[in-house]
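Lettering follows sequence order; numbering is per chain, from 1. Reckoned from all heavy atoms, side chains included, excluding hydrogens, waters and symmetry mates.
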There are 2 protein chains.
Amino acid sequence: MRVSELSRRSGVSVTTIKYYLREGLLAPGRQTSATQAEYDDRHLRRLRLIRALTGVRGLSVATTREVLDALEAHTGDTHLLLGLTLGSVSLSGESAEQDPATGEVESLVEELGWHVHESAPARATLAETLTSLRSLGVPMDRHVLLPYARLAEGIAALDLDQLDDLPDPLEAAERALLLTVLLEPALMALRRMAQENESARRHAP
Amino acid sequence: MRVSELSRRSGVSVTTIKYYLREGLLAPGRQTSATQAEYDDRHLRRLRLIRALTGVRGLSVATTREVLDALEAHTGDTHLLLGLTLGSVSLSGESAEQDPATGEVESLVEELGWHVHESAPARATLAETLTSLRSLGVPMDRHVLLPYARLAEGIAALDLDQLDDLPDPLEAAERALLLTVLLEPALMALRRMAQENESARRHAP
DNA sequence: ACGATTGGATACCTTCGCTATCCATGTTAG
DNA sequence: CTAACATGGATAGCGAAGGTATCCAATCGT
């Protein structure tokens with residue numbers, strides 16, 4: 001298919017597709033002549049993935065490119081993909097200096113018995129949040145965090161369950177990505193509804 | 001205190017403080033004369049809250065204003081605050097038309113036995129995510145979602161536990177806001193680390 | 001053969017979150 | 001008292017992000 005069909009089938013305008021090509025989010029089509037290229041279903045699929053990450057989840061184009069690059073690179077070892085790349089998603093800028101709560105996060109991970117890569121960006125995200133909450137007067141220590149972490153184990157187990165019946169490693173990697181990133185707003189939505197319910201249960205007459 | 005002291009103590013530049021005043025994020029100080037105003041600790045506290053929401057969590061200025069307005073309005077009935085306002089946080093634009101998965105979300109909420117306001121934006125967020133994931137070929141139905149929802153109940157219970165020992169309703173409302181919004185990246189970070197750990201546990205030799 | 005489409009390049013546009021500059025009024029140190 | 005400096009208020013500008021619009025020459029379909 002050529003670009004106009006790709007545009008029609010994906011709902012993304014031709015100029016935007018060109019923009020994604022320029023930004024390296026989408027691989028160029030197969031050249032059939034000097035000024036003509038042919039696209040296939042993988043491009044269509046990729047394009048829908050891009051729109052899901054940027055539109056639904058609100059990732060920046062730059063972050064989306066990093067995530068997609070990591071998807072290409074780590075198709076074999078799925079869990080590395082998740083740990084290494086997606087931690088940087090919610091951070092706006094790179095934090096050059098080390099957060100004061102870093103050591104505390106380390107001891108929490110140890111207490112949990114988790115095997116987590118030393119340089120996983122999720123560690124820094126966690127440390128930053130702790131520091132930020134404390135500076136605003138919200139007490140947040142190991143005792144509070146530990147039960148949250150146990151529940152996170154449960155969530156992770158559910159996540160992994162959904163990758164079991166996928167023989168194709170490429171498809172597994174893509175689904176892992178989708179589940180990790182796109183499910184985030186849904187999980188937070190469930191949390192908010194559960195909060196409302198629990199609040200009503202506790203305080204209602 | 002006057003604006004320069006507010007600036008020094010908060011680490012926010014005077015021009016930015018003026019910008020927040022203009023945008024209605026920060027209440028004007030008490031006028032002491034025609035061209036002079038006095039600020040107090042509530043302004044400082046509010047300013048730190050604004051920086052936490054916009055900087056740490058990445059909320060837009062417009063969303064932050066909505067959230068803060070809701071904080072003012074619903075200081076008494078804390079749980080309403082959470083349900084009604086924060087659902088719109090992760091959405092970029094207003095979705096005018098109803099999502100096809102709306103009915104499904106409704107039956108899920110019913111099956112869970114949750115009391116959730118009919119117009120809670122979290123419902124729409126959940127429905128959108130379902131639709132989006134499905135269009136990308138990821139199966140996502142009631143059976144998959146239900147265990148996630150049960151874990152969300154656990155998270156909500158932990159959240160509410162942390163509001164118990166706060167007699168001042170204003171402080172309780174503010175902490176509810178901070179916990180709901182600022183803890184989100186931390187929870188997602190825990191999830192990613194737990195995924196990495198669980199993946200290693202299942203697939204490692 | 002000829003109008004429509006394509007790839008490729010470049011310029012431009014809008015929104016967001018500040019930032020810089022002006023200016024008239026106020027405060028304050030000497 | 002007065003001169004230097006700070007303040008509130010208004011307006012204009014800036015840089016990044018995410019597209020969009022326009023040109024152009026080559027090429028395709030008929």
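Whole-Å rounding puts the A:Tyr39 OH to C:dG8 C1' distance at 10 Å. The separation between A:Glu5 atom CD and C:dG7 atom P is 12 Å, rounded to whole Å. In this structure, the CG atom of A:Leu26 is 16 Å from the P atom of D:dG18, given to the nearest Å. Rounded to an integer number of Å, the gap from A:Gln36 CD to C:dG8 C1' is 12 Å. When rounded to the nearest whole Å, the span between CG of B:Leu21 and P of C:dG17 equals 16 Å. The CZ-P distance, from B:Arg2 to D:dG9, rounds to 14 Å in whole Å. If you measure from atom CD1 of B:Ile17 to atom P of D:dA6, you get 15 Å, rounded to the nearest angstrom. Separating the CZ atom of B:Arg65 from the C1' atom of C:dG17 is a distance of 13 Å, rounded to the nearest angstrom.
Within 4.0 Å of A:Thr54, counting heavy atoms only, lies no atom of the nucleic acid at all. Counting any heavy atom pair closer than 4.0 Å across all strands shown, B:Gln31 reaches sugar-phosphate atoms only and no base atom. Residue contacts shown for B:Ser60 are limited to sugar-phosphate atoms, with no base heavy atom under 4.0 Å away. Across all strands shown, A:Thr15 has heavy atoms under 4.0 Å from base atoms, whether or not it also approaches the sugar-phosphate.
A:Arg142 places no side-chain N or O within 3.5 Å of a backbone atom of A:Glu104 that could act as its donor or acceptor partner.
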For A:Tyr39 and A:Ile17, what are the C-alpha separation, side-chain angles and deciding distance, and is it a side chain to side chain contact (heavy atoms under 4.5 Å, CB included)? CA-CA 12 Å; A:Tyr39 303 90; A:Ile17 290 174; 5.7 Å; no

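In this structure, the nucleotide among D:dG18, D:dG8, C:dT19 sitting nearest to the side chain of B:Ala37 is D:dG8. Candidate nucleotides C:dG7, D:dG9, C:dT6 were compared by shortest atom distance to the side chain of A:Lys18, and C:dG7 ranks first. Of the candidate nucleotides D:dC28, C:dG17, D:dT20, D:dT20 has the atom lying nearest to any side-chain atom of A:Arg22. Across D:dT7, C:dC18, C:dG7, the shortest atom-to-atom separation from the side chain of B:Thr16 is found for C:dC18. With C:dC18, C:dG7, D:dG18 as the choices, the nucleotide that has an atom nearest any side-chain atom of A:Val3 turns out to be C:dG7.
For B:Arg42, the CZ atom counts as loosely surrounded, since its 6.0 Å shell holds 12 or fewer non-hydrogen atoms of other residues, nucleotides or ligands.
Contact between the side-chain N/O atoms of B:Tyr19 and the OP1/OP2 oxygens of C:dC16 is not found at any separation under 4.0 Å.
Residues meeting the side-chain hydrogen bond (donor to acceptor under 3.5 Å, both in side chains) test with A:Glu153, sequence neighbours left out: A:Trp114, A:Arg150.
Nearest-nucleotide mapping onto DNA chain D: of A:Thr32 and A:Arg51, the residue sitting toward the 5' end is A:Arg51.
In the model, A:Thr63 has a side-chain atom that pairs as donor or acceptor with a side-chain atom of A:Ser60 under 3.5 Å.
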